[in-house]
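Residue numbers run from 1 in the order of the sequence given. Nothing here was measured: the structure is a model prediction, and the numbers come from that model.
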Amino acid sequence: AGLLLVALLARDRRPGPVVSGRASAALPVKPAEHEAEVVLVRFVLVTSGAQRVALAGDFNGWDPVHTLLENADGRGTFAANLWLPRGAHEYMFVVDGQWMPDPAAPARIPDGFGHTNSLLRL
């Protein structure tokens with residue numbers, strides 16, 4: 001069942017984060033340290049006309065260029081796989097320089113500056 005889950009994760013086109021506990025050769029290598037404490041998450045944003053989509057969050061210092069998403073299908077389905085530690089993570093997408101919350105996020109939280117961040121609990 002684990003291999004099937006990996007195959008589904010790699011082909012999943014649904015927007016929003018998808019969580020899996022297994023890795024395959026097509027996905028980033030799982031960190032050796034604290035293996036039980038990290039989870040593979042696939043972030044997906046479907047947006048037409050975008051040239052560059054990045055993921056910024058508490059897991060990468062809110063850097064708007066550090067984690068770029070790949071235009072997986074060439075038609076605006078941007079995706080990236082990340083190993084994240086268990087716990088709550090705030091994040092936003094940066095689409096062509098414009099910050100936006102994940103429209104498919106399971107939850108949102110005020111950012112303290114009048115906007116909302118997407119919230120993912122692992």
Side-chain angles (χ1 to χ4, degrees):
L3 292 178
L4 179 60
L5 177 60
V6 170
L8 291 174
L9 176 67
R11 288 184 283 165
D12 196 336
R13 295 179 183 223
R14 293 177 297 163
V18 177
V19 179
S20 169
R22 305 256 184 213
S24 76
L27 300 175
V29 176
K30 186 174 186 177
E33 295 180 21
H34 313 292
E35 285 190 22
E37 299 174 13
V38 296
V39 178
L40 181 63
V41 181
R42 181 171 178 84
F43 291 89
V44 178
L45 179 68
V46 179
T47 179
S48 61
Q51 298 299 309
R52 184 175 178 161
V53 177
L55 182 66
D58 55 17
F59 43 82
N60 67 3
W62 292 98
D63 186 332
V65 297
H66 182 269
T67 308
L68 295 177
L69 280 70
E70 178 185 349
N71 190 347
D73 63 1
R75 294 178 285 156
T77 302
F78 290 84
N81 299 313
L82 295 175
W83 287 103
L84 296 177
R86 293 194 179 276
H89 297 283
E90 294 181 37
Y91 68 97
M92 292 185 81
F93 288 115
V94 184
V95 180
D96 294 333
Q98 300 296 314
W99 292 68
M100 64 174 283
D102 183 346
R108 293 193 180 167
I109 187 168
D111 69 356
F113 300 101
H115 301 356
T116 58
N117 292 332
S118 303
L119 179 65
L120 175 63
R121 290 183 179 97
L122 303 173

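- One hydrophobic cluster holds both Val94 and Trp62 under the rule that ILVMFWY side chains link at heavy-atom gaps under 4.5 Å.
- Ala50 approaches Val95 most closely through the heavy-atom pair CB-CG1, 3.7 Å.
- Minimum heavy-atom separation, Ala88 to Leu119: CB-CD1, 4.1 Å.
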If you look only at distance, which donor and acceptor atoms sit under 3.5 Å apart when one is on a side chain in residues 105-114 and the other is two or more places apart or in another chain?
{"from": "Arg108", "atom 1": "NH2", "to": "Asp102", "atom 2": "O", "distance (Å)": "3.2"}
{"from": "Asp111", "atom 1": "OD1", "to": "Phe113", "atom 2": "N", "distance (Å)": "2.7"}
{"from": "Asp111", "atom 1": "OD1", "to": "Gly114", "atom 2": "N", "distance (Å)": "3.3"}
{"from": "Asp111", "atom 1": "OD1", "to": "His115", "atom 2": "N", "distance (Å)": "3.0"}

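- Under the 4.5 Å side-chain heavy-atom criterion for Ile, Leu, Val, Met, Phe, Trp and Tyr, Tyr91 and Leu122 are members of the same hydrophobic cluster.
- Hydrophobic cluster membership is shared by Leu120 and Leu69, with clusters built from Ile, Leu, Val, Met, Phe, Trp and Tyr side chains linked at under 4.5 angstrom.
- In this structure, Arg52 CZ and Asn71 CG are separated by 13.5 Å, a value rounded to the nearest 0.5 Å.
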**Request:** Would you sort out whether Val41 and Phe59 count as a side chain to side chain contact (heavy atoms under 4.5 Å, CB included), showing the intermediate values?
**Result:** CA-CA 12 Å; Val41 181; Phe59 43 82; over 6 Å; no
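- A side-chain donor-acceptor contact under 3.5 Å links Asn60 to the backbone of Leu55.
- Separating the OG1 atom in Thr47 from the CD atom in Gln98 is a distance of 11.5 Å, to the nearest 0.5 Å.
- Among all heavy-atom pairs drawn from Ala72 and Ala79, the shortest one is CB-CB, 4.5 Å.
- In terms of hydrophobic clustering, with Ile, Leu, Val, Met, Phe, Trp and Tyr side chains grouped at heavy-atom distances under 4.5 Å, Leu40 and Val38 are assigned to a common cluster.
- For Phe78 and Phe93, the gap between ring centers reaches or exceeds 6.0 Å.
- Following chains of ILVMFWY side-chain contacts shorter than 4.5 Å, one can reach Phe43 starting from Leu45, so the two form part of one hydrophobic cluster.
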**Item:** Check against side chain to side chain contact (heavy atoms under 4.5 Å, CB included), Leu84 and Val39
**Value:** CA-CA 5 Å; Leu84 296 177; Val39 178; 5.8 Å; no
